[in-house]
Amino acid sequence: MPETVGPATVGEVPEAEVVELVSERSREICQAVETLDAAELEHPSALPEWTRLTIVCHLRYGAQATRQMTEAALGGRPSAFYPGGRDLQRPYTLRPALGEAPLHVVESLVEECEALTALWSGLSALQWTLVAREHDETRSLGDPTLADLARLRLTEVQVHGSDLDLGLSPWPASFGRAVLAQRVDRVRLRDELPPGIWLLSAADDGDHVVRRSAVGPPDVRFRASANDLVALLVGREPAGTVDIEGDADLAAAFVDAIVGP
């Protein structure tokens with residue numbers, strides 16, 4: 001029988017709204033890249049060392065892998081985001097298949113995004129709590145629930161949609177509220193963080209604490225909107241101001257330890 005975990009919640013944003021946010025951003029991305037020719041797809045993106053085509057390949061694979069993990073969870077089967085192992089498989093997911101034309105990558109991105117949206121649109125409240133259990137030897141996401149997978153995909157399409165540098169819409173406020181807690185949880189797992197306590201205070205989503213082998217009051221407080229704190233946590237430039245209070249060195253160490261989604 002498929003495994004479930006607690007009530008289905010996606011921050012303060014209902015699952016149906018998360019799916020709609022993923023769908024809207026995916027449509028916007030697909031419409032933007034469909035206007036590009038092969039040369040324009042090979043143009044550098046705003047993400048260092050990645051072209052727009054790299055991002056399209058990455059988003060295509062993410063939609064496919066997330067759909068397959070969802071289907072496996074619904075069937076009570078283990079799966080993996082990278083069945084061949086992240087280190088071995090990921091480099092191949094960032095480029096077209098051997099002999100594949102860039103424009104075909106765009107076509108298949110559209111298909112995969114539509115298939116994922118169709119699958120998620122039919123899930124019940126209970127199904128969102130199902131665990132996408134990964135194979136032990138290829139675990140990379142840490143056995144997320146389907147609600148967790150939706151937040152990961154929402155982060156992926158919002159952040160990499162901006163990375164395309166094609167003038168897509170700014171992040172909606174509900175994005176930050178939906179994913180900030182998850183991003184904080186992932187930062188808590190960073191081995192690179194030095195001892196310290198960091199408090200992320202979102203005007204629209206409350207306080208979130210990152211603690212690394214320390215007790216007492218926070219050493220650093222970051223104050224901003226949920227969206228801007230998410231930008232900080234995924235290594236992107238916040239659209240607004242992030243106010244920093246406390247130990248400047250620990251604030252810098254926190255930011256230096258962060259990598260993207």
Side-chain angles (χ1 to χ4, degrees), residues 1-5 7-11 13-36 53 55-83 89 93-94 96-97 100-134 140-141 143-164 166 168-169 171-172 174-175 177-179 182 261:
M1 183 176 179
E3 180 183 356
T4 63
V5 173
T9 57
V10 181
V13 180
E15 289 87 343
E17 185 174 348
V18 172
V19 173
E20 185 58 28
L21 288 169
V22 172
S23 177
E24 289 175 356
R25 186 62 158 187
S26 299
R27 255 193 322 269
E28 187 180 23
I29 289 170
C30 290
Q31 290 170 356
V33 298
E34 281 179 314
T35 67
L36 306 179
L53 182 59
I55 292 176
V56 172
C57 290
H58 180 63
L59 291 176
R60 173 181 67 168
Y61 181 79
Q64 178 189 64
T66 302
R67 173 178 55 80
Q68 291 172 344
M69 290 186 72
T70 301
E71 291 170 343
L74 292 172
R77 305 185 305 275
S79 59
F81 195 83
Y82 293 107
Q89 186 176 359
T93 69
L94 299 177
E100 184 181 26
L103 295 182
H104 180 265
V105 180
V106 173
E107 293 172 1
S108 57
L109 169 67
V110 174
E111 294 170 359
E112 290 293 351
C113 288
E114 291 176 346
L116 180 60
T117 295
L119 176 60
W120 277 352
S121 296
L123 296 187
S124 68
L126 180 60
Q127 286 172 322
W128 280 113
T129 70
L130 293 173
V131 176
R133 184 164 47 86
E134 294 188 283
S140 62
L141 298 184
D143 295 342
T145 64
L146 295 189
D148 293 330
L149 278 182
R151 281 179 279 176
L152 289 170
R153 182 60 179 175
L154 177 57
T155 303
E156 191 171 55
V157 294
Q158 291 291 350
V159 174
H160 287 315
S162 298
D163 290 337
L164 284 168
L166 291 171
L168 271 60
S169 303
W171 299 347
S174 52
F175 165 54
R177 295 198 308 273
V179 306
Q182 182 183 64

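Among Glu114, Glu100, Glu111, Glu156, the one residue that satisfies the salt bridge (charged side-chain N to carboxylate O under 4.0 Å, His left out) test with Arg60 is Glu100.
Sequence neighbours left out, the pairs with a member in residues 64-79 that pass salt bridge (Lys or Arg N to Asp or Glu O under 4.0 Å) are Arg67-Glu71, Arg67-Glu112.
In plain terms, the two heavy atoms of Gly161 and Ile29 that are nearest each other are CA-CD1, 3.8 Å. Nearest approach of Leu126 to Thr129, heavy atoms of both residues: O-OG1, 2.6 Å. Across Leu116 and Thr66, no two heavy atoms sit closer than the pair CD1-CG2, 4.1 Å. For Trp128 against Ala150, the heavy-atom pair with the smallest separation is CZ3-CB, 3.8 Å. Cys113 and Cys30 get closest at one heavy-atom pair: SG-SG, 4.2 Å. Shown here for Val131 and Ala73, the closest heavy-atom pair between the two residues is O-CB, 3.7 Å.
Glu24 is linked by a salt bridge (charged side-chain N to carboxylate O under 4.0 Å, His left out) to nothing, counting only residues two or more places apart in sequence or in another chain. With sequence neighbours left out, Glu17 forms a salt bridge (charged side-chain N to carboxylate O under 4.0 Å, His left out) with no residue at all.
For Glu28 (side chain) and Leu168 (main-chain N/O), no donor-acceptor pair under 3.5 Å exists by modelled atom type. At least one donor-acceptor pair closer than 3.5 Å links the side chain of Asp143 to the backbone N or O of Glu134. Put simply, the side chain of Thr35 gets close to the backbone of Ala32: a donor and an acceptor are under 3.5 Å apart.
Atom CG in Leu103 sits 9.5 Å away from atom CG in Leu53 (nearest 0.5 Å). The CG atom of Asp163 sits 5.0 Å away from atom CD1 of Ile55, with the distance rounded to the nearest 0.5 Å. Atoms OH and CG, on Tyr61 and Leu109 in that order, are 15.0 Å from each other to the nearest 0.5 Å. Atom CG in Leu74 sits 5.5 Å away from atom CD in Gln127 (nearest 0.5 Å). Annotation: the span from Thr93 atom OG1 to Leu59 atom CG amounts to 10.5 Å, rounded to 0.5 Å. In this structure, CG in Leu123 is found 9.5 Å from CD in Glu15, a value given to the nearest 0.5 Å.
A donor-acceptor pair shorter than 3.5 Å can be found between the side chains of Arg25 and Ser162. No side-chain donor-acceptor contact under 3.5 Å links Arg151 and Thr155.
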Q: Report the C-alpha separation of Leu141 and Met69 in whole Å, then their side-chain angles, then the decisive distance to 0.1 Å, and conclude whether the side-chain contact (heavy atoms from CB on, under 4.5 Å) test is met.
A: CA-CA 11 Å; Leu141 298 184; Met69 290 186 72; 4.0 Å; yes
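Between Val159 and Trp171, some side-chain heavy-atom pair lies under the 4.5 Å cut-off. By the 4.5 Å heavy-atom criterion applied to side chains, Leu146 and Trp120 are not counted as neighbours. Under the 4.5 Å side-chain criterion, counting only non-hydrogen atoms from C-beta, Gln158 is not in contact with Val179.
Using a 30° and 60° split on the angle between ring planes, His160 and His58 fall in the perpendicular class, above 60°.
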